[in-house]
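Everything on this sheet refers to the single structure shown next.
Per chain, numbering begins at 1; letters A, B, ... match sequence-line order.
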Amino acid sequence: MSTTSDAGAPARFPREIPIQYGTALLVVVLVAAPLLPVLYQSLLDGPLYDRDVRLTLGNFVRLAHTDGFGLVLWNTFVLAALTTVVAQVFGTLAAILFGRTDIPGARVLGELFLWPLYLSALVLSFGWYTIYGPAGYVTLFWQSLFGDAPWNLYSLGGMAAIAGVSQAPLAYLYCLSSAGMTDPTLEEAARVSGAGTFTTLRRITLPLMLPAIAYSAVLNFTIGLELLSVPLIFGEPAGINVLTTFLFNVSATSPRPDHGLAATAAALMLVVICFLVWLQGRLLGNTRRFVTLGGKATRPRPFRLGGLRWPLFVGCVIYVVLTGIAPIAMLVLRAFTSFLSPMIPLADVLTLDNFTSLANEPIYARAVRNSFIVSLVGAAIATALVGLIALIVHRSEFRFRGALHYVALFPRAVPGVVAGIGFFYAFALIPGLGGIRNSIWVLVIAFTMRFIPAGLGAVAPMLLQVSPDLDRAARVQGADWWTTSRRIMAPLMRPALVACYTILFISFFKEYATAIFLFAPGSEVIGTALLQTWVQGEVGVVAALAAIQVIVIAVCVATARAIFGVKLHG
Amino acid sequence: MADLLIEGLVKRFGDVRAVDNLSLHVADGEFVTLLGPSGCGKSTTLAAVAGLDRPDEGRIIVGGKTYFDSARGIWLPPEARGCGLVFQTYALWPHMTVYDNVVFPLTLRKVSGADRKRRVAEVLALVEMEPYADRYPHQLSGGQQQRVALARTLVYQPAILLLDEPLSNLDAKLRDRARAWLAELRTRLGLTTIYVTHDQIEALSLSDRIVVMNAGRIAQVGPPQEIYERPADPFVADFIGTTNFLPARVAEVGAGSAVLELGDGQRVEVAAERPPAQGSRVTLAFRPEQMRAATAGEVSDGQGCVVETRVLSRSYVGGSWQVALDLGGGALRLETATPPAGDTARIWLPRSGGIVFQETAHVAG
C-alpha cells in the first residue's frame, strides 16, 4: 500500500445547514399557514381580506348566542361518543377473536375487517345508503317481508353506526398490536393456575389490552369530532347539525359566509382537538405499567373456543358482510346499473351509462384526472418531505430537531375542516398566490400538511430499526450528513418510503374534508365531485365515482402488500 | 499516521461523569487498549476521538490536528477527522456489495478510477477477502464481515485506527483465530491504534500498552506484563485475571516480607517490597494458577505456606475440578486434577507472586 495519507477530507461548507434549516422553515410555514389565519380571523369583525377590519372579541360572543349552537355541541359530543363506543366494542372483540382465538379463517376475516380503514367514510356512507337507506336494497327487502324497517340512518344512532364501523379497524389494530406484544406466558400462567378460557380472557388478556383500548378510544373520539362526511350526508337532511357541518354552513362553502363565526368555531374545535391529542400522548406515555416484556418471538397459543367456534365464525362473517362487503359491493354494482331494487331483475338494469356520463361531463372527468395527479405527484412530493424530516429528526445533530419533530406532528391536532378553512384564508390573505389558489397545487400543499404525521408514522419506526452505526460509519469515513443521507440512509429507507408513498397516495386519493373548502372550478377532485353530485341527486354518477375510488385503492393496497410486503397501518 | 493526545477529557450524562478528566498520550504507531467493564467510559472515549459524541471538556489532538478543544470551542465533525473506526456491529452497508462498501471512502475522496480499483484490490487481499468482492454482507460469515469492515477502514489510510470491541460478536473459536490474525496484521501495518475491549486476553495479547479504566477514570496504564503482574489496585487485579482476595491483618513486618494473619488466625508469610505498617488491614491477592493443593505431609517453608481451608463446593469442569474454598472468611477458587476428599483441604500459597494491597479496597464486580 502507498504511504501517503489522504485521511483528512477537505474542509468545505457544511451543506447540512441550509438543508436542515430550509426543511424546518418549510414545515413551520406549512403548519402555521392554516392555523394563524384562523386564529386571526376569529378576532376580526369582518373578512380578513377586507381593508378596514378591527380586532374584536365579538365573534366569541356571537357564537355563544347563535341559535341552536348548544344543540350543535351536544350533537357533536353524542355522535363522537356513540361512534367511539361502536368502534371500540367491535374493534376490541375483533382483536381478541381474530388475534387470540382459534376461530376459523382468522387471517382473512381480519383483512376484511380492516377494509373500511382504506376507504373514506364518505364512500362507506354511500354504500350504506344504497343498502340501508330509505330506498335501500335491504330496507325494501325488509319492508316487503316484515313492514317498516326498525333502523334509520338519518339519526345520531344511524350515523354513529356507520362512523363506528369505519373506525373500528383503528381500535382493532391497536388492540391487536398490544396483544401481539403481550408475553404469552402471562396467559399460560393463568391457564396453568386453573383459569378457563373465558376467565383468562376476562382477567388477563382484556386488562392487558386496556392501554390500547384507552388510547384508541381517545383517537376514535377525536376522529368522531372531526367527521364531516357522515353528518353531511345523513345529518343535514334530518336537521341534525354537528360542529363540522355547522362550519361547512357558515364558511366560504356557503352562499352567505360568516367568516368571523366560522373561524371562531374552527378555533374552538382546534382547542378541543389539541387537548384530545395531548391526552393521547399522555395515555401512550403512561403505558409503562402495562408493557410486558417477553422478547421471545413465540406466537401465543390461541384460545380454544370449543363449541362456540363455528357460531362465532358465522357471526363474524355476518358482521363483515353486512357492514363492509355488502355496502361496497352494492355501491359498485349500482355504478354498473341504472337502478337497483330487489323487485327488478339485475339483467334488466345493467348498463355502463353512469361511466359514460362521467366521461362526457368535463367536471367529472377532470375530477378523476385531478385526483390522480394530486395523489401521484403530491404523494411523491410529500414522501420526499417526510423522508427528509425523518432523517433530520432522527439522524442528524440539527439543533432544533426536537422542535421540528413536534411541529411536524402537530397537524394531528388540526381537523381536515379547520385545515381547509385555514388554507382558504391563507391563500386569500397572501397576495400573488392567485395562480396557485385556483389550481390543484393548493390541494397538494394542504394535503401534504395534513398527512405529514401519517407519513412520519410509516417512516420513523423503520428508520429507527436501521442501526445508527451504519450512518456513523459513513460519517467517520468522511461522508458529510447530506452524502450519508443520500448514499446510505435513502437506499436503506426504501421500503419505508414505499410504504409512506402508498399510505399518502391512498390518503390523498380519498381526502375530501380539506378539499371541499379549497377547490375551485377546474381543480375538483373525486371527493368534492362526490359531494356535489350527491347534492344534485345523481346517485348513479356518485356510485361510479365511488367505484373508481374503491377500485383504485383496492388495487393500490393489494399491489403494495403483494409486491413490497408493506404494512399499510401501524 | 499520527500520535494521539487526550487531555482532561470530561463527558457527562446528566449527573454521571462517564469520562472523568481522562488524559492519555498514544505514540505514533503504538497499539493501546482501553480495557474495562461496561460503563467504564472506554467506548465514550473512543466515540469522542471519532467525533460521534461531543465531550464536555478537554482536548483531543491527533497528529497536530485539533479534533476537539473545549477551551477554544473547536469541534470537528466526524467526516473532517480522517479517523478509521471499526464498529462492534461492523456496520457494513447491507445494500452494497463488499466492493462497494470498501470503495465508498475512496469515492468520497475523489480518488481516480484506476487507483480506486487497485487500492480496493490491495486492501481486500490484505484481509484475505479478495474472492468475495461481489458478495453482499448478509452472504458473509461474522468473521468475514469483520475483515471487510477492517478493509473498508484501512483502504483510506486513516490517521489513527479505532477498534470498538471488534471481536466480541464472534464465537469463541473464531475469536481466537481472528485475534491471532489481528495481532499479525497490526505488526505489519504499524498503525496508531486504539482498541476498546472488555476482554483481558485480547488486551494482553495485542497491546503495546493497556489502559485499565474504571468509572470514567484511568485505573492503571502500562505494558501488558506490568498490568498483569503488578496491578495497581484490587480493581485492576480483579479485572485483569480471576483473582482470589483474602482479607488479612499485618502481624509482623520483616525486611522485604510480612507475616499476615488471616481471618481465622492462620498466618502466611509473603514477600513485599515495601511492607505495610504492622497492624494495618490489607488484602492479599493470588491468581488461581499460583495456588495448588498441598501434597501430603507438605509444610510451610521458604517457598510458600500451607494453609487449612474449608471446602464449600466442588464441580467437574471437564479435565479438572473447580473447588470453592473458604479461608478465614475469604473465598478462594482452586483448579485441581483431583478434588479434595473431605470437608477440608490443605493448600499451598507461594511466598512471592501474591500481591498485598493496603486497606481492604472495594473490588468492583
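When heavy atoms are compared at a cutoff of 4.5 Å, B:Arg152 approaches chain A by way of both its backbone and its side chain. Using a 4.5 Å cut-off between heavy atoms, B:Leu92 touches chain A through its backbone atoms (N, CA, C, O) alone. Residue A:Arg494: no heavy atom, backbone or side chain, is found under 4.5 Å from chain B.
A cation-pi arrangement is absent between A:Arg412 and A:Trp278, since the terminal nitrogen or guanidinium carbon is not both under 6.0 Å from the aromatic centre and inside a 45° cone about the axis.
B:Leu85 has its side chain out of reach of A:Arg475: every pair of non-hydrogen atoms, C-beta onward, lies at least 4.5 Å apart.
Remark: the backbone N or O of A:Arg15 is not paired with any side-chain donor or acceptor of A:Trp481 at under 3.5 angstrom.
For the set B:Pro78, B:Pro77, B:Ala50, the entry with the most heavy-atom pairs within less than 4.5 Å of chain A is B:Pro78.
Remark: B:His25 engages B:Asp3 in a side chain to side chain donor-acceptor pair (under 3.5 Å) (not counting sequence neighbours).
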